[in-house]
Number of protein chains: 2
Amino acid sequence: MLKLTKKADYGLMALKYLAEHPEIIALSAKDVADAYGIPAQLLAKILQQLTKSGLLKSHAGMNGGYALARDARQISAFEVIHAIDGPFFITSCTKGTKGCELTPSCTIKEPLARVNETIAGVLKSISIQDLAEHEQPAKKALEASGLVALTL
Amino acid sequence: MLKLTKKADYGLMALKYLAEHPEIIALSAKDVADAYGIPAQLLAKILQQLTKSGLLKSHAGMNGGYALARDARQISAFEVIHAIDGPFFITSCTKGTKGCELTPSCTIKEPLARVNETIAGVLKSISIQDLAEHEQPAKKALEASGLVALTL
DNA sequence: CAGTATACGACCGTTTCTGTCGGCTTTACA
DNA sequence: TGTAAAGCCGACAGAAACGGTCGTATACTG
């Protein structure tokens, strides 16, 4: 619970890897998979999803592979997770629009929805670039928290 | 993904319900289950877990039931979730102490660990009391974000 | 003693997640 | 022009987690 799927993890790792090797025009799924010891075919599917979502650009054929569609600074962790795992809600009753299917008394969702937004905000503020720099992503998170707070 | 389990939801709902009825000495699992349309036996197990974790006090026998072990202000959403779903990590490689089992190169975890702490901080700052007051828990979340930011 | 409630463990059906397989298309390069 | 390296896509199987039920034992009240 409250856990990223391995797919999302793999996706983030792959994008980070791409961000760390900007000199290479295109890295194949296998390259990345080997680098991290990830099942190659699984990673391939993940990268395909990210391509469909517009986060990556792909190039088939020999010497083909994937490259970031945008600057690493312009890709947020949120986008990656969203592309792979779909929209996320912290509450179990996922139907965003309509309320909880159980009883109308399920008033707990509303406060938790705020938490959800907070988390989403934090993830949106973290870019692939931040992951690639081993630096202090905490700094970013700090700024993020401030930003998120203001928007609540 | 990044979703609370229904069990955790139920637990939060139940605690909220207890917080809203402080005048009653003890509410049985069935009482709460009926109020929300939750499977009674499932809720019972959840409440037992919360009791073992020290968030509730139980009393068997007639007119028995559960009551908050502490003031609603002193019980955080984090504690409830933790008691029910166990320790949570946003990353898939859960083993907190040792690194990722895949490769040592799994450097993505470290930045995400910060995110994890941020989320935990937000959840820790939200009390059952906050859930019970229909008010603006956003206010709390706002303060929380500020606080969390400072501790990073 | 009888009834009500918690406590606890075993179990099962469903879903979700993870990973694999096979076949197809696209491209580069010899 | 043919072959190998890559992406693309759907189906599927094994494993794990989740949600829920049942039965029984234990504790307390009156």
Side-chain angles (χ1 to χ4, degrees), chain A residues 1-11 13-14 18 24-34 36-53 55-67 69 81 84-86 88-89 91-94 101-102, chain B residues 1-11 13-14 18 24-34 36-67 69 81 84-89 91-94 101-102:
Chain A
M1 48 80 254
L2 219 44
K3 194 179 293 180
L4 259 52
T5 60
K6 272 192 181 165
K7 284 187 183 177
D9 266 0
Y10 292 161
M13 289 163 68
L18 288 176
I24 306 179
I25 306 108
L27 279 162
S28 74
K30 189 169 180 306
D31 291 338
V32 183
D34 288 350
Y36 288 109
I38 298 172
Q41 304 204 69
L42 180 56
L43 183 62
K45 282 210 301 193
I46 294 166
L47 296 183
Q48 283 159 30
Q49 276 189 278
L50 292 174
T51 303
K52 277 206 296 183
S53 302
L55 301 180
L56 291 178
K57 290 223 185 287
S58 66
H59 187 64
M62 272 189 77
N63 302 325
Y66 298 91
I81 295 168
I84 297 173
D85 287 342
F88 77 72
F89 297 95
T91 55
S92 292
C93 22
T94 52
E101 73 279 356
L102 285 178
Chain B
M1 52 86 251
L2 219 44
K3 193 179 294 182
L4 259 53
T5 60
K6 272 193 181 164
K7 283 185 185 177
D9 266 0
Y10 292 162
M13 289 163 67
L18 289 175
I24 305 179
I25 306 108
L27 279 163
S28 75
K30 188 168 181 304
D31 291 339
V32 182
D34 287 350
Y36 288 109
I38 299 171
Q41 303 205 68
L42 179 55
L43 184 62
K45 282 209 304 194
I46 294 167
L47 296 182
Q48 283 159 30
Q49 277 188 277
L50 293 174
T51 303
K52 277 207 296 185
S53 302
L55 300 181
L56 290 179
K57 291 223 183 287
S58 66
H59 188 65
M62 273 187 75
N63 302 325
Y66 297 91
I81 296 168
I84 296 172
D85 287 342
F88 77 70
F89 297 96
T91 56
S92 291
C93 21
T94 52
E101 74 278 357
L102 286 178

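Sequence lines set the chain letters: A, B, ... in the order given, protein chains first and strands last, and positions in each chain run from 1.
The side chain to side chain contact (heavy atoms under 4.5 Å, CB included) test applied to A:I25 returns no partner, not counting sequence neighbours. For B:A44, the side chain to side chain contact (heavy atoms under 4.5 Å, CB included) test picks out B:A29, B:Q48, with sequence neighbours left out. Under the rule for a side chain to side chain contact (heavy atoms under 4.5 Å, CB included), the partners of B:K30 that lie at least two apart in sequence or sit in another chain are B:S28, B:D34.
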Between B:L4 and B:I81, is a side-chain contact (heavy atoms from CB on, under 4.5 Å) present by the stated rule, with each step listed?
CA-CA 8 Å; B:L4 259 53; B:I81 296 168; 4.0 Å; yes

Report the C-alpha distance between B:L56 and B:L18 in whole Å, list the side-chain angles of each, state the deciding distance to 0.1 Å, and finish with yes or no for side-chain contact (heavy atoms from CB on, under 4.5 Å).
CA-CA 10 Å; B:L56 290 179; B:L18 289 175; 3.5 Å; yes

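Proximity of residues 50-58 of chain B to DNA chain D (heavy atom under 4.0 angstrom from any strand atom) is not detected for any residue.
Summarising the geometry, the separation between CD1 on B:I25 and C1' on D:dC28 is reported as 15 Å, rounded to the nearest angstrom. Atom CG in A:L43 sits about 14 Å away from atom P in D:dA6, given to the nearest Å. Atom-to-atom, NZ of B:K30 to C1' of C:dT4 comes out at 12 Å; the value is rounded to the nearest Å. Here the C1' atom of nucleotide C:dA5 and the CD atom of B:Q48 are 10 Å apart, to the nearest Å. As a whole-Å value, the separation of B:Y66 OH from C:dA5 C1' is 8 Å. Taking atom CD of residue B:Q49 and atom P of nucleotide C:dG9, one finds them 11 Å apart after rounding to whole Å. Between A:I46 atom CD1 and C:dC17 atom C1' the separation is 11 Å, expressed in whole Å. Atoms CD1 (B:I24) and C1' (C:dA5) sit 16 Å apart, rounded to a whole Å.
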Detail all sub-3.5 Å separations between protein N/O atoms and N/O atoms belonging to nucleotides 19-21 of chain C.
{"residue": "C:dG19", "atom": "OP2", "partner": "A:Y10", "partner atom": "OH", "Å": "3.3"}
{"residue": "C:dT20", "atom": "O4", "partner": "A:K45", "partner atom": "NZ", "Å": "3.1"}

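Nucleic acid contact for A:A44: none, since no nucleic acid atom lies under 4.0 Å from a heavy atom of the residue. Among the atoms of the strands shown, none is found under 4.0 Å from any heavy atom of B:A26.
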B/S/- contact track for nucleotides 23-30 of chain C, protein heavy atom under 4.0 Å
---BBBS-

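To the nearest 0.5 angstrom, A:K7 atom NZ is 6.5 Å from A:I46 atom CD1. Between the NZ atom in B:K45 and the CD1 atom in B:I84 there is a gap of 12.5 Å [rounded to 0.5 Å]. The structure places CD1 of A:I38 at 8.0 Å from CG of A:L42, a figure rounded to the nearest 0.5 Å. Expressed to the nearest 0.5 Å, how far OG1 of B:T5 lies from CG of B:D85 amounts to 3.0 Å.
Residues B:L47 and B:A14 share a closest heavy-atom pair of CD2-CB, 3.9 Å. The two atoms that bring B:P39 and B:A33 nearest to each other are C-CB, 4.4 Å, heavy atoms only.
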